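Comments concern the structure below.
The model shown is predicted, which means the values in this text are computed figures rather than measured ones.
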Amino acid sequence: MARVLVVGGSGYLGQHLLQRFAEMDGRQIDMAFTYHSNPPRQLLDAISPALSFRVDLKTGEGFDEITKTFGQPDIVINCAALSVPRACEVDPDGAMAINVPSFLVNWLASLTDNNTVLIHLSTDQVYEGSKSFYREVDETVPVNMYGKSKLAAEEFIRANYRNYVILRSSIIYGPQTISPVPKSLPIQWIDDFLSQGNQVEFFHDEYRCPVYVKDVVNVVLAVIQKWTSGSKEFDWTLNVGGVDRVSRLQMAEAVADCRGYDHSLIKPVSASTVNRGVISPADISMDITRLTQLLGVIPIPFKDGVKSTLGICGTS
């Protein structure tokens, strides 16, 4: 049985991972997760008997307790981050302290057996945004503090740890978690605004490759499968996006198509006309060829993901 630790397990992706692990036949995974403030009771009940640990990523407090109680994990998945770009601009020191997992990496490196793989969630915002379909080998020139802090995290991991898989994720969307997260979820946010019947502005010139949360979970599971089956030398960096390059406008149109909302509610505007308090890259769509070749995971089309998220239309 593999021992898996999800750092930031009370967050959006973390909860979806833990739920999937708990549903696996034969309990192939012994689970533990970290949280920062309070462990969500609904999540704990759903994934019992998983262990939970309070960890402060800024100080490293809590990692020793994991070693004592849970032991050395075989796989660590780091989902913890200060991921709101504007919040990172307001608190750059906090963004660097949380997003660069120095205490986590140093803890893993200190364990007697260096046979733990670190799966680290990074972001498409490490790219500048000046072209379409970035590849992993392309230059990384982040334009905001969020991207800069996540790039610094990648560099720290490469310099200080041997076995790692860095997953550069695009916008992750999907259904709500067992214990609802406080942050706004993209598809639900669009649906909520359009359902009110008021005209809403969406950017027609800002492009991403949104990825369905269960596809991200499948990517993580594929990495775990390779690791547990004997592949013990990982130094991968992979783009994890959906198969479709879509603008914010096209995302809203997909929701409208599924719900039957009037497209006249969707007003196209240029991202350059709105001051969001943070620079946002224009086009950070990603080429996911390497992901599909190495792991065999092919994400579902964006429109199918929207249907599954809203739960009102059958997927094609």
Side-chain angles (χ1 to χ4, degrees), residues 8 10-17 19 40-43 46 79 81-90 123-125 144 146 169-217 241-242 244-278 280-282 284-285 299-316:
S10 58
Y12 183 71
L13 177 59
Q15 288 198 49
H16 277 283
L17 284 165
Q19 182 179 4
R41 175 51 54 188
Q42 290 171 277
L43 176 65
C79 304
L82 184 60
S83 59
V84 179
R86 188 169 183 176
C88 293
E89 295 297 317
V90 173
T123 175
D124 52 3
Q125 296 215 25
N144 56 42
Y146 174 55
S169 170
S170 186
I171 297 168
I172 299 175
Y173 69 94
Q176 182 59 273
T177 48
I178 294 172
S179 182
V181 293
K183 75 173 186 176
S184 176
L185 301 179
I187 302 305
Q188 290 86 335
W189 179 87
I190 294 171
D191 182 41
D192 182 56
F193 271 86
L194 293 180
S195 70
Q196 297 174 32
N198 299 319
Q199 192 175 66
V200 189
E201 296 180 344
F202 292 94
F203 302 136
H204 64 77
D205 53 359
E206 189 172 281
Y207 293 91
R208 305 290 188 262
C209 287
V211 59
Y212 188 52
V213 65
K214 295 183 181 181
D215 287 327
V216 182
V217 172
D244 297 310
R245 171 184 177 267
V246 294
S247 66
R248 305 279 186 175
L249 178 71
Q250 290 169 322
M251 291 174 66
E253 289 173 340
V255 174
D257 287 342
C258 187
R259 286 291 201 192
Y261 298 136
D262 189 339
H263 275 235
S264 66
L265 298 174
I266 302 169
K267 181 182 178 182
V269 297
S270 172
S272 63
T273 64
V274 179
N275 181 1
R276 286 173 278 175
V278 58
S280 185
I284 45 177
S285 54
I300 63 174
F302 180 68
K303 287 187 176 181
D304 287 349
V306 171
K307 292 174 184 177
S308 292
T309 298
L310 297 177
I312 60 168
C313 307
T315 56
S316 60

(request) Can you sort out the partners of Glu201 under side chain to side chain contact (heavy atoms under 4.5 Å, CB included), two or more places apart, ordered by chain and number? (result) Lys267, Val269

(request) Report the residues that fulfil side chain to side chain contact (heavy atoms under 4.5 Å, CB included) with Asp244, sequence neighbours left out, ordered by chain and then residue number. (result) Val246, Pro301, Phe302

Using residues 206-213 as the side-chain source, report each donor-acceptor pair under 3.5 Å to any protein atom, sequence neighbours left out, with the distance given to one decimal.
| residue | atom | partner | partner atom | Å |
| --- | --- | --- | --- | --- |
| Glu206 | OE1 | Arg276 | NH1 | 3.4 |
| Glu206 | OE1 | Arg276 | NH2 | 2.7 |
| Glu206 | OE1 | Ser280 | OG | 3.1 |
| Glu206 | OE2 | Arg248 | NE | 2.9 |
| Glu206 | OE2 | Arg248 | NH2 | 3.0 |
| Glu206 | OE2 | Arg276 | NH1 | 3.4 |
| Tyr207 | OH | His204 | O | 3.3 |
| Arg208 | NH1 | Pro281 | O | 2.9 |
| Arg208 | NH2 | Ser280 | OG | 3.1 |
| Arg208 | NH2 | Pro281 | O | 3.0 |

(message) Counting C-beta onward and ignoring hydrogens, is there a side-chain heavy-atom pair between Ser195 and Tyr261 closer than 4.5 Å?
(response) yes

(message) According to side chain to side chain donor-acceptor pair (under 3.5 Å), who are the partners of Asn198, at least two apart in sequence or on a separate chain?
(response) none

(message) Going by the rule side chain to side chain donor-acceptor pair (under 3.5 Å), which residues pair with Gln125 if we only count those two or more places apart in sequence or in a different chain?
(response) Asn144

Which donor-acceptor pairs under 3.5 Å do the side chains of residues 171-189 make with protein atoms, sequence neighbours left out?
| residue | atom | partner | partner atom | Å |
| --- | --- | --- | --- | --- |
| Gln176 | OE1 | Val181 | N | 3.2 |
| Thr177 | OG1 | Ser179 | O | 2.8 |
| Gln188 | NE2 | Gly174 | O | 2.9 |

(request) Please name all residues satisfying side chain to side chain donor-acceptor pair (under 3.5 Å) with Ser170, sequence neighbours left out, ordered by chain then number. (result) Asp124

(message) For a quick test of reading the model, state the closest non-hydrogen atom pair linking Leu17 to Cys79 and the distance between them.
(response) CD1-SG, 3.7 Å

(request) Could I get the full list of ring-ring contact (aromatic ring centres under 6.0 Å, His included) partners for Tyr12, not counting sequence neighbours? (result) His16

(message) If we ignore hydrogens and angles and just use 3.5 Å, is the side chain of Asp205 paired with the main-chain N or O of Ala271 as donor and acceptor?
(response) yes

(message) When you measure from the side chain of Ser308 to the backbone of Gly305, do you find a donor-acceptor pair of N or O atoms at a distance under 3.5 Å?
(response) no

(message) Going by side chain to side chain donor-acceptor pair (under 3.5 Å), name the residues that satisfy it together with Thr273, two or more places apart in sequence or in a different chain.
(response) none

(message) Within the 4.5 Å heavy-atom criterion, are Phe202 and Ile190 side-chain neighbours or not?
(response) yes

(request) Under the salt bridge (Lys or Arg N to Asp or Glu O under 4.0 Å) rule, collect the residues that match up with Asp215, sequence neighbours excluded. (result) none

